[in-house]
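We name chains A, B, ... by the order of the sequence lines, and we start the count at 1 in each one.
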Amino acid sequence: MLEIQRIRTEKESIIEGLKKRHFDASEIINDVLAADEKWRSEKAKLEDVASKMNLVSKEIGILFKQGKVQEANEAKSQTTVLKLEESTLKLSVDELQAQITELMYQLPNVPNELVKAGKSELDNETIEEHGSKVEFGFKALPHWDLASKYNLIDFELGVKITGAGFPMYIGKGAKLQRALINFFLDEADNAGYIEHQAPLVVNEASALGTGQLPDKEGQMYYMPEDDLYMIPTGEVPLTNIYRDVILPTEDFSIKITGYTPCFRREAGSYGSDVRGLNRLHQFDKVEIVRIEHPKNSNAALTEMINHVKGLLEKLGLQYRVLRLCGGDTGFAASMTYDFEVYSAAQDKWLEVSSVSRFDTFQSTRLKLRFKNSEKKSQLCHTLNGSALALPRIVAALLENHQTDNGIKIPEVLHPYLNFTKI
RNA sequence: GGAGAAUUGGCAGAGUGGUCGAAUGCACUGGUCUUGAAAACCAGCGUACCGCAAGGUACCGGGGGUUCGAAUCCCUCAUUCUCCGCCA
């Protein structure tokens with residue numbers, strides 16, 4: 001959520017910035033400002049009446065104490081009008097407040113100055129590209145064929161037990177999952193991220209805090225009996241650790257990581273995009289999250305990008321880094337870098353990581369602040385990224401490292417496995 | 001799942017309808033004293049919003065209600081603890 005103060009003072013630059021998303025904010029912002037102005041004047045009136053009420057009540061108390069019952073009752077009668085006025089104003093103030101909040105929830109984050117205008121993924125900028133195309137001397141198989149050929153993943157079994165998008169990993173397939181999770185966690189640990197094991201189910205306040213609600217309501221599995229949501233990403237529980245927190249000093253840099261399964265409804269997906277491991281309802285991911293002083297968030301972002309690059313290089317995968325255009329950047333992010341690996345047999349790029357900075361967009365909702373040098377509360381910056389999401393990494397590993405007599409496992413994973421080849 | 005108790009400022013802990021935003025202690029910050037430190041003493045010490053300011057308003061687990069007035073009474077939800085039941 002954008003800060004209301006910012007909307008008041010930087011109206012034009014916000015509208016201008018949001019154009020890069022092809023989002024016309026002028027109407028919403030004008031509505032916000034109109035409602036905000038009305039809210040302030042109504043609130044001033046309300047507080048004035050409340051102040052009078054408080055005064056009269058105090059007087060009545062004193063009169064009763066002094067035994068002046070008659071005068072006290074007279075004073076009581078004059079509160080009737082005030083009370084009515086107060087309740088009317090209260091209603092109006094609450095209504096305006098709700099109106100403002102609802103409007104504010106519709107405004108996405110303002111893209112960073114580096115972000116280019118654009119409508120869709122077609123407008124994303126490729127920042128860098130590493131590794132080269134694998135040459136096979138034979139007909140390379142897509143990962144779903146390799147998965148069944150080597151009995152690594154049983155998609156039909158997942159369908160039987162749950163439904164499409166919930167694969168069953170078996171034998172070396174399951175071990176490979178475990179190895180990757182441990183590898184990613186160890187790498188994050190080495191980079192100074194504190195490991196967490198978080199709840200996989202969150203309440204509404206948490207989903208609101210990181211911006212999954214109300215923007216992506218349909219994306220999450222919801223359990224109405226208990227009013228809880230299954231997490232679509234580890235970002236939700238990990239960032240919400242710091243909901244309603246004021247860090248005591250401005251000298252902080254919080255780095256946390258965690259492995260979690262992620263659950264996404266992915267309604268409306270279809271075709272080759274969802275084939276095999278390309279898009280699942282349940283998948284595993286190691287997430288890295290940072291809470292930073294605004295002046296450090298840029299450096300933190302760079303560090304995270306380098307971390308993810310390091311992982312992909314160690315796994316020996318061909319990859320490229322994209323800076324998303326305005327239209328493709330997530331609602332809450334001000335800037336996002338996507339990492340895509342090249343899946344050789346499918347002959348397509350697969351997104352395996354998304355590293356984003358949110359500036360104060362999440363911390364506004366989270367009420368995540370720090371005490372600055374003037375002892376004033378100031379909003380923190382939040383950032384997060386996948387490091388990494390497993391399924392598409394597995395897809396690329398299987399496809400790119402296949403040979404005519406098996407699949408080679410990258411060396412960095414050997415310590416985690418009791419085999420080096422599938 | 002059943003029964004009971006509780007939830008107050010960073011912590012501990014008073015307050016059961018009226019000058020209560022809230023005693024007191026600890027912690028913390030500044031000062032006096034001291035060669036320095038400790039101790040002692042003095043002073044300060046929550047958050048948010050509105051306002052140029054003076055100031056005002058709200059907040060005693062969350063939400064709602066009663067009342068001129070609620071930390072205090074009522075309803076409801078959540079959480080914690082104790083006992084019973086169940087259980088990896």
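Each of A:Arg40 and A:Lys76 lies near RNA chain B, and the nucleotide nearest A:Arg40 is the one positioned closer to the 5' end. Where A:Val56 and A:Ser377 meet RNA chain B, the nucleotide closest to each residue was compared, and A:Ser377 sits on the side nearer the 5' end.
At least one side-chain heavy atom of A:Leu180 sits less than 4.5 Å from a side-chain heavy atom of A:Leu176.
Counting only Watson-Crick and G-U wobble pairs whose two distances sit under 3.5 Å, RNA chain B takes part in these stems of three or more pairs: B:1-7 with B:78-84, B:10-12 with B:24-26, B:28-32 with B:40-44, B:46-50 with B:55-59, B:61-65 with B:73-77.
Within 4.0 Å of A:Lys90, counting heavy atoms only, lies no atom of the nucleic acid at all. Base contact: A:Ser57 has a heavy atom under 4.0 Å from a base atom. Using a 4.0 Å heavy-atom distance criterion, A:Asn54 is classed as a sugar-phosphate-only contact.
Within the structure, the salt bridge (charged side-chain N to carboxylate O under 4.0 Å, His left out) test picks out the following pairs touching residues 181-197 of chain A (sequence neighbours left out): A:Glu187-A:Lys314.
The interatomic distance linking A:Lys371 (NZ) with B:U47 (P) rounds to 4 Å, in whole Å.
Judged by the 6.0 Å distance and 45° axis criteria, A:Lys175 is not positioned over the aromatic ring of A:Phe419.
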Inset, instruction - In sequence, state the C-alpha distance, the side-chain angles, and the governing distance for A:Asn240 and A:Val202, and then conclude on side-chain contact (heavy atoms from CB on, under 4.5 Å). - result: CA-CA 10 Å; A:Asn240 272 282; A:Val202 295; over 6 Å; no
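Each of A:Asn112, A:Thr329, A:Asp359 was scored for a side-chain hydrogen bond (donor to acceptor under 3.5 Å, both in side chains) with A:Ser334, with one residue passing: A:Asp359.
Looking at the side chain of A:Glu47, the nearest of the listed nucleotides B:A48, B:C68, B:U57 is B:U57.
For the residue pair A:Gln362 and A:Thr239, no side-chain donor N or O sits within less than 3.5 Å of a side-chain acceptor on the partner.
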